[in-house]
Enquirer: 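Structure below; questions to follow.
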Amino acid sequence: MIEKELKKALLKVQKPGRYTGGEPGSVYKEADKVDLHFAFCFPDTYEVGMSHLGMKVLYEILNNIDRYWCERAFMPWTDMLEQMRELKMPLFTLESKTPLHEFDIVGFTLQYELSYTNVLAMLKLGGIPLRTDEREETDPIVVAGGPCVCNPEPMAPFFDAMMLGEGERQLPQLCEVVRQARAEKAPRAEILRRLSAVEGVYVPALYTPVYRMDGTIEEIRAEKGAPYPIRKAMIKDFAKEPLPTHFIVPMIGAVHDRAQIEVLRGCVRGCRFCQAGFIYRPMRERDAAALDSAARELCENTGYEELSLTSLSTSDHSQLEPLLDKLLEWTPQEHVGLSLPSLRVDNFTDSLIEKTTKERKSGLTFAPEAGTQRLRDVINKNVTEEELERTCKIAFAHGYTSVKLYFMMGLPTETMEDIEGIAQTAQKVVELFYRNPDKPKGKGVTVSISVACFVPKPMTPFQFVPQDTEEMLREKQKHLLACVKSKKISVSYHDSHVSRLEAVLAKGDRKVADVIQRAYESGCILDGWDEYFNFEIWETCFKELGLDMSFYANRTIKTDETTPWEHLDYGVSKQYLIKEYEKALQGKTTQPCNRACAGCGANKLLGGPCFAYD
């Protein structure tokens, strides 16, 4: 039935390749010969979802288990949404064209807060009740994973279970619990109770937040023997974890359409604004020989001509130079270009740039994050002006004529002098180019400044700080533009409305779920896309439900306050976050954790030291 209606719909949509499936690398199984059907849902468009490395990794892991079949579903674009509603066609998976409500488990990855209304839209389109307490025994178990689960509360009422940490081992274990329980015809409540016993699995229905009169949380109560706190799942022997070698190659161009190899997980840097840097601790890296072998097999299997060495901080890999040497033994002959998307200013070298530009040159991007050394110390960026200048000199000497610099605005303790420092830093880069005797002849330089509005995130030392008000951010944006004098410098910055909503959803409690549902029912979908983001609707929904956005975004959280995410343990202790917050206010830095252990607590996940310190 769906195939018939789908043919009609595809004639009227702009990119039918988003909905057809059949891509090279897709997995097909006989439905009646598998014991569990899993729908992996990415709550954004096909092009965005097919760029996500985690989805590709878990798709391969689940499908390597004979008794499971993992399929994919994505958020339809508005033209397809219109057709689906008109033809009364449910949201389906690309592989078997099965409606979501027929699956055993429907899983979402929560990568960014502005995808939340898309989750509700996909559930509704898939024929699944939005809230866990509305679901019947025959409905799928709806689960979620991803970085946003580090504060699951704004989305907690919509999920039966949420997974903290790394899914490579955790997700197959969760699937097996559901498979066995379904085979025993266990009731839904019993399935959820069993899931709560799986490491890193949070079952929201078993926890109740208790509020004070002022709206803050007094405590979060665990019920029916549920664990407290819930500790994230983590792969200890990450170096031995198999690498994916069979990616699905998209039918239409993905945002990041290339082969990707994760060289390490976690980060040693300790930037105080960076959620990923804390929730993925401790840093663990893979062996250069294993990476080289998997990269070659992946490129052979997919035909990709670009290989990205992916991580939060690729240039911190202890074997990066030997790895590049191994890759360069075959990538030039196969016409495969190498990209290192997360290079750091302080370990950028002539050797690195030579090895990564043999096949083709891509643009260079660096992230000073703040315009002055004082503010870089506050955020623990551990990058100096001299290191940035040295890096740019190396780049210009190798023929680069454009550099992109990422900054943030609205950081804790920031002043207008720090904003002026952003423009001054860019101007110094321009001047460095023209003073460089080795610069490319006959070419000018372009420096692009991209400025994001700072969003305080849970599980970071800055979770306690208020976000700048929109008025403050707009004033700073205006001041930055006035400080840029050169036509060689271009400036772009984020919409402060978007950043405000992101902060509210990032730090919200369970009450915010009602607002998310109201916003969705009022027409909010595809909030991550500028053309569909409607801040006025969100603002109205908060007011109608009696919740103050400023309470979540613009209020200082006391260090002894119970946060909405207090019952979750990602390895880094709250005491450590408080210590780093206090050091930030004093302008003191902390060394990267591969140089000296600062006692964050993540080593308890390994059962020993994170690094072999001298």
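Keep in mind that the numbers below use all heavy atoms, side chains included, and drop hydrogens, waters and symmetry copies.
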Enquirer: Any side-chain heavy atom of Pro147 sitting closer than 4.5 Å to one from Gln111?
Expert: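 Side-chain contact under 4.5 Å: yes.
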Enquirer: Go through the steps to decide whether Asp44 and Tyr112 satisfy the test side-chain hydrogen bond (donor to acceptor under 3.5 Å, both in side chains), and finish with yes or no.
Expert: CA-CA 10 Å; Asp44 210 322; Tyr112 32 86; 2.9 Å; yes
Enquirer: Under 4.5 Å between any side-chain heavy atoms of Cys600 and Arg281, yes or no?
Expert: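 Cys600 reaches Arg281 side chain to side chain.
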Enquirer: Counting N and O atoms only, with roles assigned by atom type, does the side chain of Gln275 sit under 3.5 Å from a partner on the main chain of Pro458, one being a donor and the other an acceptor?
Expert: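 Yes: the side chain of Gln275 pairs with the backbone of Pro458.
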Enquirer: Roughly how far apart are Arg518 CZ and Ile516 CD1, rounded to 0.5 Å?
Expert: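 Going from the CZ atom of Arg518 to the CD1 atom of Ile516 covers 13.0 Å.
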Enquirer: Just how far is it from atom CG of Leu526 to atom OH of Tyr532, taken to the nearest 0.5 Å?
Expert: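 Rounded to the nearest 0.5 Å, the CG-OH separation comes to 7.0 Å.
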Enquirer: Between Glu566 and Lys574, is there a side-chain N and carboxylate O pair less than 4.0 Å apart?
Expert: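 A salt bridge links Glu566 with Lys574.
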Enquirer: Write down the atom of Gly49, the atom of Met55, and the distance for their closest heavy-atom approach.
Expert: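 That would be O-SD, 3.9 Å.
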Enquirer: Quickly, which of Phe273, Phe464, Phe462 forms a ring-ring contact (aromatic ring centres under 6.0 Å, His included) with Tyr581? Name it, please.
Expert: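 Running ring-ring contact (aromatic ring centres under 6.0 Å, His included) over Phe273, Phe464, Phe462 with Tyr581 returns exactly one hit, Phe464.
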Enquirer: Using 4.0 Å as the upper bound for N to carboxylate O, is an ion pair formed by Glu387 and Arg344?
Expert: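 Glu387 and Arg344: not salt-bridged.
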Enquirer: Passes side-chain hydrogen bond (donor to acceptor under 3.5 Å, both in side chains), Glu262 versus Ser311? Steps please.
Expert: CA-CA 6 Å; Glu262 185 185 23; Ser311 77; over 6 Å; no
Enquirer: Taking all non-hydrogen atoms of both residues into account, name the closest pair between Arg500 and Ser550 and its distance.
Expert: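 In terms of heavy atoms, the two residues are closest at NH2-OG, 3.1 Å.
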Enquirer: Please determine whether the number of non-hydrogen atoms from other residues, nucleotides or ligands lying under 6.0 Å from atom CD of Gln14 exceeds 12.
Expert: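 Check fails, neighbour count at 12 or below.
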Enquirer: Side chains of Ile419 and Glu414: closer than 4.5 Å at any heavy-atom pair?
Expert: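 Ile419 reaches Glu414 side chain to side chain.
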Enquirer: Kindly indicate whether the side chain of Thr109, heavy atoms from C-beta on, has any atom under 4.5 Å from the side chain of Phe40.
Expert: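 Yes, at least one pair of side-chain atoms sits under 4.5 Å.
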Enquirer: So, are Arg212 and Glu561 salt-bridged, with charged N and O less than 4.0 Å apart?
Expert: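 Judged by the 4.0 Å cut-off on N to carboxylate O distance, Arg212 and Glu561 do not form a salt bridge.
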Enquirer: Decide yes or no on ring-ring contact (aromatic ring centres under 6.0 Å, His included) for Trp565 and Tyr202, but give the supporting numbers first.
Expert: CA-CA 11 Å; Trp565 51 92; Tyr202 170 50; over 10 Å; no
Enquirer: Apply the test side chain to side chain contact (heavy atoms under 4.5 Å, CB included) to residues Val142 and Phe158: give CA-CA distance (whole Å), side-chain angles for both, the deciding distance (0.1 Å), then the verdict.
Expert: CA-CA 8 Å; Val142 182; Phe158 309 115; over 6 Å; no
Enquirer: Main chain of Val345, side chain of Thr391: is a donor-acceptor contact present, judged purely on distance under 3.5 Å?
Expert: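 Confirmed, Thr391 side chain pairs with Val345 backbone.
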Enquirer: With a 4.0 Å cut-off, would you call Arg269 and Asp346 a salt bridge?
Expert: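 Between Asp346 and Arg269 there is a salt bridge, with a charged N closer than 4.0 Å to a carboxylate O.
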Enquirer: Could you check if a side-chain atom of Val143 sits within less than 4.5 angstrom of a side-chain atom of Met162, using non-hydrogen atoms only?
Expert: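 The answer is no; the side chains never approach within 4.5 Å.
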Enquirer: Could you tell me whether a side-chain N or O of Lys404 sits under 3.5 Å from a main-chain N or O of Ile449, the two making a donor and an acceptor?
Expert: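 Between the backbone of Ile449 and the side chain of Lys404 there is no qualifying donor-acceptor contact (under 3.5 Å).
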Enquirer: Any idea which heavy atoms bring Met122 and Pro43 closest together, and the distance?
Expert: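 Smallest heavy-atom distance, with atoms named: SD-CA, 3.6 Å.
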Enquirer: Could you tell me the separation between the CG atom of Asn382 and the CG atom of Asp377, rounded to the nearest 0.5 Å?
Expert: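 Separation between the atoms: 7.5 Å.
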Enquirer: What do you reckon, is CG of Asp560 surrounded by more than 12 foreign heavy atoms closer than 6.0 Å?
Expert: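 More than 12 heavy atoms, drawn from other residues, nucleotides or ligands, come within 6.0 Å of this atom.
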Enquirer: Please test Gln517 against Glu521 for side-chain hydrogen bond (donor to acceptor under 3.5 Å, both in side chains), starting from the C-alpha separation and ending with a verdict.
Expert: CA-CA 6 Å; Gln517 184 169 343; Glu521 291 170 348; 3.0 Å; yes
Enquirer: Any carboxylate oxygen within less than 4.0 angstrom of a Lys/Arg side-chain nitrogen, looking at Glu417 and Arg374?
Expert: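 No.
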Enquirer: Any salt bridge linking Glu47 with Lys15? Criterion: basic side-chain nitrogen under 4.0 Å from a carboxylate oxygen.
Expert: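 Judged by the 4.0 Å cut-off on N to carboxylate O distance, Glu47 and Lys15 do form a salt bridge.
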Enquirer: Can a donor-acceptor pair be found, under 3.5 Å and without considering hydrogens, that links the side chain of Thr314 to the backbone of Leu309?
Expert: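 Confirmed, Thr314 side chain pairs with Leu309 backbone.
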Enquirer: Measuring centre to centre across the rings, with the benzene-like ring taken for any Trp, is Phe433 within less than 6.0 Å of Phe396?
Expert: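 Yes - the distance between ring centres of Phe433 and Phe396 falls below the 6.0 Å cut-off.
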Enquirer: Check the pair Arg510 / Thr208 against side-chain hydrogen bond (donor to acceptor under 3.5 Å, both in side chains), numbers first and verdict last.
Expert: CA-CA 9 Å; Arg510 204 172 287 197; Thr208 303; 5.9 Å; no
Enquirer: Can you confirm whether the side chains of Gln467 and Ser499 place a donor and an acceptor under 3.5 Å from each other?
Expert: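 Per modelled atom types, Gln467 and Ser499 side chains form no pair under 3.5 Å.
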Enquirer: Take Lys588 and Glu582, measure what salt bridge (Lys or Arg N to Asp or Glu O under 4.0 Å) needs, and give me the verdict at the end.
Expert: CA-CA 9 Å; Lys588 295 180 179 178; Glu582 291 170 345; over 6 Å; no
Enquirer: Using ring centroids (six-membered ring only for Trp), state whether Phe533 and His497 fall under 6.0 Å.
Expert: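 Here the rings of Phe533 and His497 have centres that are no less than 6.0 Å from each other.
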Enquirer: Between Asp509 and Tyr552, is any side-chain donor less than 3.5 angstrom from a side-chain acceptor?
Expert: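 A pair is found: one side chain offers a donor N or O, the other an acceptor, under 3.5 Å apart.
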Enquirer: Taking all non-hydrogen atoms of both residues, which atom of Ala423 and which atom of Leu480 are closest, and how far apart?
Expert: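 That closest heavy-atom pairing would be N-CD1, 4.0 Å.
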Enquirer: Would you confirm whether Asn380, through its side chain, and Thr590, through its main-chain N or O, come within 3.5 Å as a donor-acceptor pair?
Expert: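 Here the side-chain-to-backbone pair exists.
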Enquirer: CG of Leu473 to OH of Tyr493: how many Å apart, nearest 0.5 Å?
Expert: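 The CG atom of Leu473 sits 11.5 Å away from the OH atom of Tyr493.
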Enquirer: May I ask you to test the Leu505-Asn151 pair for a side-chain heavy-atom distance under 4.5 Å?
Expert: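 Result no, sub-4.5 Å side-chain heavy-atom pair not found.
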Enquirer: Nearest 0.5 Å, what's the NZ-OH distance between Lys583 and Tyr576?
Expert: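 One finds 6.5 Å between NZ of Lys583 and OH of Tyr576.
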Enquirer: Do the side chains of Glu386 and Arg390 get close enough for a salt bridge, i.e. N-O under 4.0 angstrom?
Expert: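 Arg390 and Glu386: not salt-bridged.
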Enquirer: For Ala144 and Leu110, work out which heavy atoms get closest and say how close.
Expert: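 Reported closest heavy-atom pair: CB-CD1, 4.0 Å.
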Enquirer: Quick check: does any side chain N or O of Arg284 sit under 3.5 Å from a backbone N or O of Pro282, one acting as donor and the other as acceptor?
Expert: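 Looks like yes, one N/O pair under 3.5 Å.
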Enquirer: Mind checking the CD1-CD spacing from Ile394 to Glu389? Nearest 0.5 Å is all I need.
Expert: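 It is 12.5 Å, given to the nearest 0.5 Å.
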Enquirer: Would you say Glu580's side chain and Thr589's backbone share a donor-acceptor pair under 3.5 angstrom?
Expert: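 Side chain of Glu580 to backbone of Thr589: no pair is present.
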Enquirer: What heavy-atom pair brings Lys381 and Ala367 nearest, and what distance separates the two atoms?
Expert: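 Here Lys381 and Ala367 meet closest at CE-O, 2.9 Å.
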Enquirer: Quick check: do Phe278 and Tyr570 have side-chain heavy atoms less than 4.5 Å from each other?
Expert: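 A side-chain contact is absent here, since even the closest heavy-atom pair is not under 4.5 Å.
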Enquirer: Under a 4.0 Å threshold between the charged nitrogen and the carboxylate oxygen, would Lys457 count as salt-bridged to Glu113?
Expert: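 Salt bridge: yes.
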Enquirer: With a 6.0 Å cut-off (strictly less than), is the heavy-atom count around CD of Glu475, excluding the residue itself, greater than 12?
Expert: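 Atom CD in Glu475 is not packed in, count stays at 12 or less.
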Enquirer: Could you check if a side-chain atom of Gln477 sits within less than 4.5 angstrom of a side-chain atom of Cys453, using non-hydrogen atoms only?
Expert: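 Of all side-chain heavy-atom pairs linking Cys453 with Gln477, at least one is under 4.5 Å.
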Enquirer: Taking the basic N atoms (NZ, or NE/NH1/NH2) and the acidic carboxylate oxygens, is any pair closer than 4.0 Å for Asp468 and Lys476?
Expert: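 Salt bridge: yes.
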Enquirer: How are the rings of His52 and Phe42 set to each other: parallel, tilted or perpendicular (split at 30° and 60°)?
Expert: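 If you compare the ring of His52 with that of Phe42, the planes turn out tilted.
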Enquirer: Are Lys511 and Tyr211 in a cation-pi contact, defined as NZ or CZ under 6.0 Å from the six-membered ring centre and within 45° of the axis?
Expert: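 Cation-pi check for Lys511 and Tyr211: passes.
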Enquirer: Treating Ser115 as the side-chain partner and Asn118 as the backbone partner, does any N or O pair qualify as donor plus acceptor under 3.5 Å?
Expert: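 Looks like no, no N/O pair under 3.5 Å.
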